[in-house]
Amino acid sequence: MSTPEPSTSSNFIREIVAADRAAGKHGGRVVTRFPPEPNGYLHIGHAKAIVLNFGIANEASGGICHLRFDDTNPTTEDPEYVQAIQEDVRWLGFDWHDRLFYASDYFEQLYAFAISLIKKDKAYVDSLTADQIREHRGTLTESGRDSPYRTRSVDENVNLFARMRAGEFADGTHVLRAKIDMGSPNINLRDPILYRIRHAIHYRTGTAWCIYPSYDFAHPLSDAIEGITHSICTLEFEDHRPLYDWVVAEADSPHRPQQIEFARLNLTSTVMSKRKLLELVDKKLVSGWDDPRLPTLKGLRRRGVTPEAIRAFCEHIGVAKRDAIVEMQLLEHFIREDLNRRSPRVMAVLRPLKVVLDNYPDGVVEELDAVNNPEDISAGTRKVPFSRTLYIEQDDFRENPPKQFFRLAPGREVRLRYGYIIKCVSATKDPQTGAVTELHCTYDPETRSGSAQEQRKVKATIHWVSASHAVTAAVRLYHPLFLSDRANLSAEQDWTGSLNPQSLELLTGCLVEPSLHSAAPGSRFQFERQGYFCVDPDSLPDALIFNRTVSLKDTWARVEKARQTPPR
RNA sequence: UGGGGGAUCGUCUAGCGGUAGGACGCCGGCCUUUGGAGCCGGCUACCUAGGUUCGAUUCCUAGUCCCCCAGCCA
């Protein structure tokens with residue numbers, strides 16, 4: 001596993017880090033961290049944070065990025081996610097070396113620090129109910145009121161907090177709160193809750209604890225304990241920063257990490273929030289967390305997206321503080337760019353139409369040379385069998401070709417990729433439906449690919465497979481999960497309203513060239529003229545399944561669309 | 001209506017008082033045995049109003065609009 005090259009794209013956070021290093025702040029060290037809660041799977045929004053945090057650390061000599069599980073809430077977390085998150089980070093191409101941490105490993109230290117806060121009279125045990133605490137908190141425009149328990153003595157607080165830990169009280173009966181300012185205009189400073197009682201089994205600490213620290217308490221302290229220099233998080237934590245700084249200052253730690261916030265990633269025609277992704281999975285609107293339509297890392301991986309493409313995308317979208325929605329087309333661009341460079345080309349017919357070459361000898365099979373990757377000559381060539389009966393794409397024939405349609409039509413010629421120029425003589429139709437069922441063509445023997453004598457040009461080259469050699473496959477085409485670009489931000493109640501009912505299109509009876517017969521799950525190909533496809537994990541040698549990662553750019557589709565929508 | 005943030009091409013993003021640049025996208029053209037890729041060209045932006053200045057996207061003032069915060073979630 002190698003860590004990717006440092007990026008050159010700058011942003012305001014990199015500038016802060018560079019300035020801090022130049023000024024010798026934090027002793028010139030750079031230590032960042034990626035701190036997921038293990039309560040769900042990672043998505044491409046997390047990838048932005050991962051690329052940023054690991055990127056910044058990797059750029060600084062001696063810099064390092066920790067992976068820390070922010071596991072302070074026993075009721076939501078699961079070791080399954082701990083595993084999956086590590087896999088995803090590694091798959092993305094990043095390495096935390098031996099810097100794997102868990103907030104739960106700090107529970108004892110956190111507890112000790114809470115005691116010291118109490119002894120400084122900076123924290124107290126509150127015995128109001130959750131509802132009462134909410135009432136006392138005030139509102140956005142009204143000041144809060146002190147809890148009647150705010151003036152408990154230090155001794156009483158120490159005693160009560162110890163009894164909280166000892167398990168003497170039921171959930172919700174007491175909390176530990178910081179004693180800051182109930183009149184603060186910043187609600188986060190109105191005596192925030194530091195510990196709550198939760199009689200629950202923590203996936204790592206079991207029943208050792210029944211009190212758990214809150215994010216606002218555990219996070220800054222974890223950062224300080226690990227010597228994090230730059231604690232990078234998303235915008236919604238901006239007004240927690242004064243509290244973060246308060247906790248760090250009270251901790252008297254030799255390390256003073258600084259929190260820096262950036263805008264989270266939004267993408268058009270998808271959703272990114274854990275809650276919405278969970279709902280899609282729970283309601284079976286998608287097949288699971290690795291459904292290739294999802295922006296989860298597992299989903300993108302199953303779809304055939306490469307970690308390199310995701311990294312390039314994350315570097316190019318930049319990092320700033322303004323809310324933004326990045327177009328899915330930009331992600332697709334980076335996917336195509338990467339896949340174009342590396343994918344072997346093959347021929348696959350998704351919607352077959354039978355073609356008989358009337359003048360081609362029956363029983364003869366020619367092995368034609370096909371280039372594996374024109375972008376990479378070292379990928380070599382392969383043989384593709386050619387014979388009298390072939391299949392081509394239904395879309396590559398029109399009985400009544402529109403203007404600008406260069407492909408096959410009665411009386412017209414096209415080149416078969418790596419093969420011959422053929423001419424359509426007649427089309428057989430189903431007498432019932434009128435649909436074209438079979439084409440009769442003639443081939444020009446002088447035009448075989450690579451033969452020197454024939455210089456004739458035709459307007460189009462189409463892909464094909466030999467009927468008796470082709471392998472049957474199923475192909476899944478993915479379309480946008482949402483019809484609305486702004487699904488991410490649409491009204492809460494009906495956010496599923498713009499779900500695309502046709503986001504998954506299953507094609508069976510597709511015919512692929514024989515070289516694909518035992519293609520391994522996960523392997524990626526370009527189906528010439530169509531797009532990039534990968535072999536699904538469910539695929540078997542005799543029951544191939546391909547997922548379309550992304551289509552090729554389709555100029556003809558655009559031309560045809562423009563024809564149908566006359567200019568205004 | 002309190003507090004915290006943010007406004008630059010259609011979309012992301014750069015700019016740090018001196019010709020508003022890049023990428024995606026879109027539109028043309030060239031090339032092409034993938035209507036792919038590649039190459040060339042074009043398109044469109046500083047939220048508003050004042051002020052400071054020789055000069056303002058940048059600094060100041062006042063607005064406008066957008067986002068976040070009232071979990072014992074993170």
Side-chain angles (χ1 to χ4, degrees), chain A residues 9-11 15 35-37 39 70-73 75-76 126 128-130 133-135 137-144 171-177 184-190 192-198 211-212 214-216 218-219 233-242 261 263 265 268 274 313 316-334 336-337 340-341 345 347 371 374-375 404-407 414-419 421 447 449-450 457-463 485 489 526-531 551-560:
Chain A
S9 80
S10 192
N11 58 56
E15 282 177 19
E37 185 187 12
N39 69 347
D70 216 345
D71 54 357
T72 58
N73 184 353
T75 59
T76 56
D126 197 352
L128 255 23
T129 65
I133 286 178
R134 190 181 320 115
E135 284 164 29
R137 187 153 32 225
T139 67
L140 295 180
T141 53
E142 298 162 46
S143 172
D171 288 8
T173 52
H174 307 276
V175 288
L176 184 73
R177 301 180 73 176
S184 172
N186 182 346
I187 289 177
N188 296 293
L189 261 19
R190 318 242 262 230
I193 285 161
L194 270 21
Y195 269 91
R196 70 278 201 187
I197 301 173
R198 279 259 208 292
I211 57 172
Y212 290 91
S214 63
Y215 167 87
D216 284 316
H219 203 89
C233 64
T234 42
L235 248 29
E236 67 268 28
F237 294 106
E238 240 166 349
D239 45 20
H240 291 237
R241 197 188 328 132
E261 311 86 7
L265 170 66
T268 56
K274 209 169 273 180
F313 170 74
H316 279 80
I317 52 175
V319 177
K321 297 196 71 158
R322 70 183 83 115
D323 300 304
I325 307 179
V326 178
E327 289 175 343
M328 192 64 85
Q329 287 148 314
L330 187 61
L331 208 211
E332 291 178 352
H333 164 76
F334 285 104
R336 285 191 188 101
E337 188 176 69
N340 174 52
R341 256 198 320 264
R345 272 61 171 171
M347 291 195 285
V371 175
E375 304 291 320
Q404 299 178 81
F405 183 86
F406 306 144
R407 283 111 94 151
V414 293
R415 174 174 287 283
L416 294 177
R417 181 81 159 147
Y418 306 121
I421 291 176
T447 58
S449 277
K457 302 269 187 208
V458 286
K459 293 272 270 193
T461 298
I462 65 174
H463 60 278
D485 274 359
L489 310 176
Q526 185 197 92
F527 288 2
E528 291 213 37
R529 303 206 302 131
Q530 309 204 85
S551 68
L552 248 31
K553 284 209 241 170
D554 189 347
T555 305
W556 164 244
R558 237 187 337 223
V559 169
E560 199 171 37

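Letters A, B, ... mirror the listed sequences (proteins, then strands); counts begin at 1. In this text, all values refer to a predicted model and were calculated from it rather than measured experimentally.
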Between Thr72(A) and A74(B), is there a contact of a side-chain N or O with OP1 or OP2 at under 4.0 Å?
yes
chi for G71(B) classified (syn = within 90 degrees of 0, anti otherwise) as syn
Using atom C1' of each nucleotide, how far apart are G21(B) and C9(B) to the nearest Å?
11 Å
Rounded to whole Å, how long is the line connecting atom OH of Tyr215(A) with atom P of C69(B)?
14 Å
Pairwise P distance, C60(B) and G18(B) [rounded to whole Å]:
16 Å
For Leu189(A), which contact category applies under a 4.0 Å heavy-atom criterion: base, sugar-phosphate, or nothing?
nothing
Dump the intermediate steps for ring pair (Phe, Tyr, Trp, His ring centres under 6.0 Å) on Trp556(A) and Phe406(A), then the final yes or no.
CA-CA 10 Å; Trp556(A) 164 244; Phe406(A) 306 144; 7.4 Å; no
Please encode protein proximity along nucleotides 3-16 of chain B as a string of B, S and -, counting only heavy-atom distances under 4.0 Å.
BSSSSB-BSSBSSB
Could you write out RNA chain B as dot-bracket? Rules: Watson-Crick or G-U wobble, both distances under 3.5 Å, brackets [ ] for crossings, | for pairs with another strand, dot for unpaired.
.((((((..((((....[..))))((((((.......))))))...(((((..]....))))))))))).....
Counting any heavy atom closer than 4.0 Å, what does His240(A) reach on the DNA or RNA strands: base, sugar-phosphate only, or nothing?
base
Separation of C73(B) P from Glu37(A) CD (nearest whole Å):
10 Å
What is the separation between atom CE on Met328(A) and atom C1' on A23(B), rounded to the nearest whole Å?
18 Å
Any donor-acceptor pair under 3.5 Å linking the side chain of Asp70(A) with the backbone of Pro36(A)?
no
Quick one: does any side-chain atom of Thr139(A) pair with a main-chain N or O of Glu142(A) as donor and acceptor, under 3.5 Å?
yes
Does any part of the side chain of Val326(A), heavy atoms only, come nearer than 4.5 Å to the side chain of Phe313(A), both counted from C-beta?
yes
Under the side chain to side chain contact (heavy atoms under 4.5 Å, CB included) test, residues paired with Asp216(A) that sit two or more places apart
Ser214(A), His240(A), Leu243(A)
Spacing of the P atoms in A14(B) and G50(B) (rounded, Å)
29 Å
Whole-angstrom distance between C66(B) and U61(B), as gauged at atom P
23 Å
Whether the side chain of Arg415(A) engages the backbone of Gly419(A) through a donor-acceptor N/O pair (distance < 3.5 Å, no angle test) should be reported.
yes
Please name the pair of heavy atoms, one in Val559(A) and one in Gln404(A), separated by the smallest distance, quoted to 0.1 Å.
CG1-OE1, 3.5 Å
Should Arg558(A) be listed as having a side-chain N or O under 4.0 Å from OP1 or OP2 of C26(B)?
yes
Pairwise 5' ranking along RNA chain B for Glu236(A) and Ile193(A), keeping only the more 5' one:
Glu236(A)
Any Val414(A) side-chain heavy atom under 4.5 Å of Ile421(A) side chain:
no
Base, sugar-phosphate, or nothing: which does Thr129(A) touch, judged by heavy atoms less than 4.0 Å apart?
base
Length of the CG-P vector between Asn188(A) and A74(B), whole Å:
13 Å
Whole angstroms only, please: what is the NE2-C1' distance between His219(A) and C73(B)?
14 Å
When you compare G4(B) with C72(B), how far apart are their P atoms, in angstrom units rounded to a whole number?
22 Å
For Leu416(A), is there any backbone N or O sitting under 3.5 Å from a side-chain donor or acceptor partner on Thr461(A)?
no
Provide, to the nearest angstrom, the distance between the CG atom belonging to Leu128(A) and the P atom belonging to A70(B).
19 Å
Going by atom types only, do Thr234(A) and Glu261(A) share a side-chain donor-acceptor pair under 3.5 Å?
no
Between N or O atoms, less than 3.5 Å apart, protein on one side and nucleotides 39-42 of chain B on the other: list the pairs.
none

Hey, is the main chain of His463(A) close enough, under 3.5 Å, to the side chain of Tyr418(A) for a donor-acceptor pair?
no
Rounding to an integer number of angstrom, what distance separates U33(B) and G42(B) when you compare their C1' atoms?
30 Å
Any side-chain N or O of Arg196(A) less than 4.0 Å from the OP1 or OP2 oxygen of C73(B)?
yes
Quick check on RNA chain B: between Ile187(A) and Glu142(A), whose nearest nucleotide comes earlier from the 5' end?
Glu142(A)
Non-hydrogen atoms of Met347(A) and Arg417(A) that approach each other most closely
SD-CB, 3.8 Å
Does Arg196(A) reach the main-chain N or O of Leu176(A) with its side chain, forming a donor-acceptor pair under 3.5 Å?
no
When the C1' atoms of U64(B) and C16(B) are compared, how many Å lie between them, rounded to an integer?
25 Å
Using a 4.0 Å heavy-atom cut-off, does Tyr212(A) contact any base of the nucleic acid, only the sugar-phosphate backbone, or nothing at all?
nothing
By side chain to side chain contact (heavy atoms under 4.5 Å, CB included), which residues pair with Arg134(A), not counting sequence neighbours?
Asp131(A), Arg137(A)
Would you say the side-chain atoms of Asn186(A) pair up with the backbone N or O of Pro242(A), donor to acceptor, closer than 3.5 Å?
no
What interatomic distance, in whole Å, is found between P of C47(B) and the corresponding atom of U58(B)?
8 Å
For the backbone of Ser184(A) and the side chain of Arg190(A), can you confirm whether one donor and one acceptor N or O come within less than 3.5 Å of each other?
yes
In B/S/- notation, 5' to 3', how is nucleotides 28-35 of chain B contacted by protein heavy atoms closer than 4.0 Å?
-----BBB
